[in-house]
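As the structure lists them, so they are numbered: ligands from 1, and atoms in each ligand from 1.
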Amino acid sequence: MTIKVDFLRNYPDCIETCANWEYMTWGKNYGWTRERVIAGYKSMTNKGNIEQAFVALSRNKPIGTVLLIENDHENYKQYRPWLAALYVVPEYRCRGIARKLVAMVEDFARSRGEDHLFLYTTSPNIYKGMGWQVTESFGEKSSQKFLMNTKLSRL
Ligand SMILES: CC(C)(COP(=O)(O)OP(=O)(O)OC[C@H]1O[C@@H](n2cnc3c(N)ncnc32)[C@H](O)[C@@H]1OP(=O)(O)O)[C@@H](O)C(=O)NCCC(=O)NCCS
């Protein structure tokens, strides 16, 4: 199985699919419209922006996505930039594709001179094996969230 991870800007036909995964998984629960999410993804396909969307592909078919964005939580505006909206389609899970997507975001952020990345999640174990650490937890006990960060070492 050959899996490729690339900038979403190189696959404009995949923008709506990736945006739709975010909309169905998170956006609609926040009350966002599908159009708003698609517009957001389009804005993250401009070369030169630090904010970028990425896509994982198998035989040119999109199977996962992730974002690099300036901020993903209004209570933590002092931190930047953030990894967000990591998603892999169910049929391709548990094969290291999320790991590849996270590595691409880290490499891109490093290439832009960033020295840290941040995220929040309800499932910190996804990221712990990739070198990320929990900084603090927040939210209700029933839906506890974890603020995490990783230091981007210079290569
Ligand atoms: C979470 C998700 C992105 C993982 O994708 P994947 O391609 O199956 O992940 P990988 O195979 O690359 O596994 C990466 C690590 O995450 C762990 N992991 C995968 N799914 C997990 C889950 N649901 N809960 C906890 N850990 C998980 C794996 O065990 C692996 O850990 P390791 O490196 O210590 O072995 C995928 O299940 C998904 O899209 N879920 C729905 C959206 C979601 O929850 N996104 C995360 C938002 S924070």
Taking only residues two or more places apart in sequence, or in another chain, which ones meet T33 in a side chain to side chain donor-acceptor pair (under 3.5 Å)? none
Sorted by chain and residue number, the residues having a heavy atom closer than 4.0 Å to an atom of ligand 1 are W26, L86, Y87, V88, R93, C94, R95, G96, I97, A98, R99, T121, I126, Y127, G129, M130
Taking CD in E16 as the centre, count heavy atoms belonging to other residues, nucleotides or ligands within less than 6.0 Å. Is the count above 12? no
Are the aromatic ring centres of H73 and F118 under 6.0 angstrom apart? no
Between F54 and F7, is the ring centre distance below 6.0 Å? yes
Considering residues at least two apart in sequence or located in another chain, which fulfil the side chain to side chain donor-acceptor pair (under 3.5 Å) criterion with E106? W132
N149 meets the side chain to side chain donor-acceptor pair (under 3.5 Å) criterion, sequence neighbours left out, with T135
